[in-house]
Amino acid sequence: MEKATGRSRPAQGRQGQVRIIGGNWRSRRIGFPDRPGLRPTPDRVRETLFNWLGQDLSGYHCLDLYAGSGVLGFEALSRGASHVTLVERDALVARALESSAKELNAVGSRIICSDALKFLRQATNRERYDLIFLDPPFSDGMPEEVLAVLPDLLEPGGRIFLEGSSRRDLQPPWLLEKDGKAGKVFFQLLRRESK
């Protein structure tokens, strides 16, 4: 978890910051509230991810399902993604995402305050994504049902970036494309096996 900055204010009022590392908004900082479990994806992990994906995500439709600070979604927009849906269940964090989107003039962003599973149940058969970011709070983990629903939301050739406190054992239809570890963070790039 990145250390929050600020003077001695109540924990709920403290703000952390994270830097966008590439694209049009390179070096811009976005703020996020100090909330339990909110742990932005480290720079080193994001650098590796976007090296794997290629630096230009022009035209991509992305889903940042456990948005938190929103750095993965905003990083994708910074690198040319045409649309990113950021889903966050904590209302205070969702408001911070809206503020970041406004400061960045993040055209193509949509922020939804919802639980991940609730959102997925409503989104099935309506929206398709080229890239889905999954970075749930380490303490909560991610329900198996999330991975079960996602094949219906991916465009052909679409991929999933999964981050967690341990490597996830994959079951069909998921195939591992690449994986890595930075400190205590494990991350995997998945694709759906061909039918």
Side-chain angles (χ1 to χ4, degrees), residues 1-9 11-88 90 92-113 129-138 159-165 177-189:
M1 178 184 266
E2 292 200 9
K3 197 168 186 175
T5 60
R7 298 189 182 146
S8 5
R9 291 181 275 179
Q12 189 170 350
R14 289 199 329 237
Q15 287 284 312
Q17 288 193 337
V18 64
R19 180 178 60 94
I20 295 172
I21 60 170
N24 294 330
W25 299 325
R26 183 180 180 168
S27 299
R28 294 278 304 268
R29 294 189 175 273
I30 54 175
F32 59 91
D34 182 17
R35 302 295 275 177
L38 202 160
R39 172 202 41 76
T41 300
D43 288 8
R44 194 166 123 206
V45 174
R46 282 183 282 129
E47 184 176 355
T48 300
L49 169 64
F50 289 102
N51 284 338
W52 289 347
L53 294 171
Q55 301 299 318
D56 183 4
L57 301 185
S58 292
Y60 273 51
H61 285 250
C62 304
L63 172 63
D64 191 349
L65 191 56
Y66 297 88
S69 70
V71 72
L72 288 170
F74 291 127
E75 191 85 50
L77 283 170
S78 180
R79 296 167 187 263
S82 59
H83 181 81
V84 176
T85 299
L86 300 105
V87 179
E88 173 54 50
D90 184 308
L92 180 67
V93 178
R95 284 193 298 275
L97 290 170
E98 289 169 355
S99 177
S100 293
K102 187 175 180 179
E103 287 174 23
L104 293 169
N105 191 25
V107 175
S109 66
R110 179 173 65 141
I111 290 115
I112 296 175
C113 188
Y129 302 98
D130 302 293
L131 179 60
I132 299 174
F133 301 109
L134 299 175
D135 180 17
F138 284 0
R159 291 181 278 185
I160 291 176
F161 172 72
L162 177 60
E163 190 176 326
S165 58
E177 197 169 295
K178 295 184 182 272
D179 69 343
K181 181 178 186 282
K184 296 181 179 181
V185 178
F186 291 85
F187 49 101
Q188 299 167 286
L189 189 63

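Just so you know, these numbers use all the heavy atoms, side chains as well, and skip hydrogens, waters and symmetry mates. Being a predicted model, the structure only gives us computed values, none of them experimental.
- The structure places CG of L72 at 10.5 Å from CD1 of I20, a figure rounded to the nearest 0.5 Å.
- When all heavy atoms are compared, the tightest approach of S78 to G22 is OG-O, 2.6 Å.
- In terms of heavy atoms, L77 sits closest to V107 at CD2-O, 3.9 Å.
- Between the side chain of E75 and the backbone N or O of I21 there is at least one donor-acceptor pair closer than 3.5 Å.
- Side-chain contact between H83 and D130 is absent, with no heavy-atom pair separated by less than 4.5 Å.
- For the pair V93/F32, no side-chain contact is recorded, criterion being any heavy-atom separation below 4.5 Å from C-beta on.
- A heavy-atom distance below 4.5 Å is not found between the side chains of K102 and E98.
- Not counting sequence neighbours, the partners of D90 by the salt bridge (charged side-chain N to carboxylate O under 4.0 Å, His left out) test are R35.
- Side-chain contact, D135 with T41: a donor N or O sits under 3.5 Å from an acceptor N or O.
- Counting heavy atoms from C-beta outward, L97 and I30 have side chains that stay 4.5 Å or more apart.
- F74 and W25 have perpendicular rings, their planes meeting at more than 60° on a 0 to 90° scale where under 30° would count as parallel.
- Under the 3.5 Å distance criterion, the side-chain polar atoms of R28 are matched with a main-chain donor or acceptor of E103.
- A donor-acceptor pair under 3.5 Å links the side-chain atoms of D64 to the main chain of G73, judged by distance alone.
- Residues A182 and V45 share a closest heavy-atom pair of CB-CG2, 3.7 Å.
- Between the CG atom in N24 and the CG atom in N105 there is a gap of 11.5 Å [rounded to 0.5 Å].
- For the pair I132 and R159, the minimum side-chain heavy-atom distance is 4.5 Å or more.
- Salt-bridge check for D43 with R19: passed, with a basic side-chain N closer than 4.0 Å to an acidic carboxylate O.
- Side-chain contact between Y66 and P137 is present, with at least one heavy-atom pair separated by less than 4.5 Å.
- The CG atom of L86 sits 9.0 Å away from atom CD1 of I112, with the distance rounded to the nearest 0.5 Å.
- For the residue pair S69 and P40, the shortest heavy atom distance occurs at OG-CB, 3.7 Å.
- Below 30°, between 30° and 60°, or above 60°: for F161 and F187 the angle between ring planes is between 30° and 60°, a tilted geometry.
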Worksheet entry | CA sep, side-chain torsions, deciding dist, call: N51, E47, side-chain contact (heavy atoms from CB on, under 4.5 Å) | CA-CA 6 Å; N51 284 338; E47 184 176 355; 3.9 Å; yes
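- Side-chain contact check for E88 versus I111: every heavy-atom pair is 4.5 Å or farther apart.
- Using modelled atom types, one finds a donor on one side chain and an acceptor on the other under 3.5 Å when comparing R110 with T85.
- A donor-acceptor contact shorter than 3.5 Å links the side chain of T48 to the backbone of R44.
- L49 is listed as a side-chain neighbour of F133, based on a closest heavy-atom distance under 4.5 Å.
- A salt bridge links E163 with R39; the closest basic N to acidic carboxylate O contact falls under 4.0 Å.
- To the nearest 0.5 Å, atom CD of residue Q55 and atom CZ of residue F50 are 8.5 Å apart.
- Counting heavy atoms of neighbouring residues, nucleotides and ligands inside a 6.0 Å radius, atom NZ of K184 does not exceed 12 of them.
- Taking both residues in full, the closest heavy atoms of L57 and L53 are given as CD2-CB, 4.2 Å, listed atom of the first, atom of the second, then distance.
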